[in-house]
Amino acid sequence: PENLDYDSTKDIDYNDIQEIENRIFISNGLTAHCLKSLKDNKITHIVNVTDNLINKFPEQFDYITIDVEDLDIFDLGKYFDVCIEYINQA
């Protein structure tokens, strides 16, 4: 798949982000590429679970990338341990 790079330089504030646990958020690609939204929510680390979304701000945020397609057939459970370890170390 082709890597997506949403244009975050436009004056659009993508803020489709929900806090699911204390300081743990879930969002989408548009918000992940919106520097204002990430900074407003005090995001420091990003778990990128896609095979086609670049890590837009590697100088400003710490990333881990789980390279999988967004399809129901993929078992994301096998990545939980590595993601939990990354989150706990953040």
Side-chain angles (χ1 to χ4, degrees):
E2 185 176 327
N3 281 343
L4 300 178
D5 181 7
Y6 297 113
D7 184 1
S8 63
T9 63
K10 296 183 179 182
D11 292 331
I12 299 172
D13 182 14
Y14 297 106
N15 201 19
D16 184 14
I17 187 168
Q18 290 80 40
E19 189 169 16
I20 58 173
E21 288 287 331
N22 185 34
R23 300 290 307 134
I24 298 178
F25 297 85
I26 191 166
S27 189
N28 59 28
L30 290 173
T31 302
H33 280 204
C34 179
L35 185 58
K36 180 182 182 327
S37 181
L38 296 172
K39 289 192 175 259
D40 285 352
N41 287 286
K42 298 180 175 83
I43 303 299
T44 59
H45 292 66
I46 297 173
V47 178
N48 180 354
V49 185
T50 67
D51 67 338
N52 64 352
L53 189 67
I54 67 166
N55 297 331
K56 181 77 173 183
F57 309 106
E59 303 83 23
Q60 298 180 37
F61 303 97
D62 190 273
Y63 289 87
I64 184 173
T65 301
I66 307 299
D67 188 16
V68 296
E69 287 186 72
D70 188 11
L71 299 173
D72 292 341
I73 62 169
F74 287 102
D75 176 18
L76 295 178
K78 64 184 176 182
Y79 302 104
F80 286 177
D81 288 341
V82 70
C83 289
I84 290 167
E85 182 177 336
Y86 175 78
I87 290 167
N88 286 334
Q89 291 178 359

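When all heavy atoms of E69 and D51 are compared, the pair lying nearest together is CG-OD2, 2.9 Å. Nearest heavy-atom pair across D16 and S27 is O-OG, 2.7 Å. Counting all heavy atoms, side chain and backbone alike, N41 lies closest to R23 at O-NH1, 3.1 Å. A pairwise comparison of heavy atoms in N55 and P58 identifies O-CD, 3.3 Å as the closest pair. Closest heavy-atom contact between T65 and T50: CG2-O, 4.1 Å.
How far NE2 of H33 is from CG of N28: 10.5 Å, rounded to the nearest 0.5 Å. Between the CD1 atom of I43 and the CD1 atom of I24 there is a distance of 10.5 Å, given to the nearest 0.5 Å.
Within the 4.5 Å cutoff, the side chain of I64 has heavy atoms near those of the V82 side chain. Counting heavy atoms from C-beta outward, V47 and I87 have side chains that approach closer than 4.5 Å.
Screening Y63, Y86, F61 for a ring-ring contact (aromatic ring centres under 6.0 Å, His included) involving H45 leaves a single residue, Y86.
Counting non-hydrogen atoms of other residues, nucleotides and ligands closer than 6.0 Å to CD of E19 gives a total above 12.
Taken together through direct or relayed side-chain contacts under 4.5 Å among Ile, Leu, Val, Met, Phe, Trp and Tyr, I46 and L35 form part of one hydrophobic cluster. V49 and L71 are assigned to two separate hydrophobic clusters, defined by single-linkage of ILVMFWY side chains at heavy-atom distances under 4.5 Å. The hydrophobic cluster containing F80 also contains V68, counting ILVMFWY residues as joined when their side-chain heavy atoms lie under 4.5 angstrom apart, directly or transitively. L38 is not connected to I26 by any chain of hydrophobic side-chain contacts under 4.5 Å among Ile, Leu, Val, Met, Phe, Trp and Tyr, and they are in different clusters.
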- Before giving the answer on side chain to side chain contact (heavy atoms under 4.5 Å, CB included), spell out for L53 and N48 the whole-Å C-alpha distance, their side-chain angles and the decisive distance to 0.1 Å. CA-CA 8 Å; L53 189 67; N48 180 354; 4.2 Å; yes

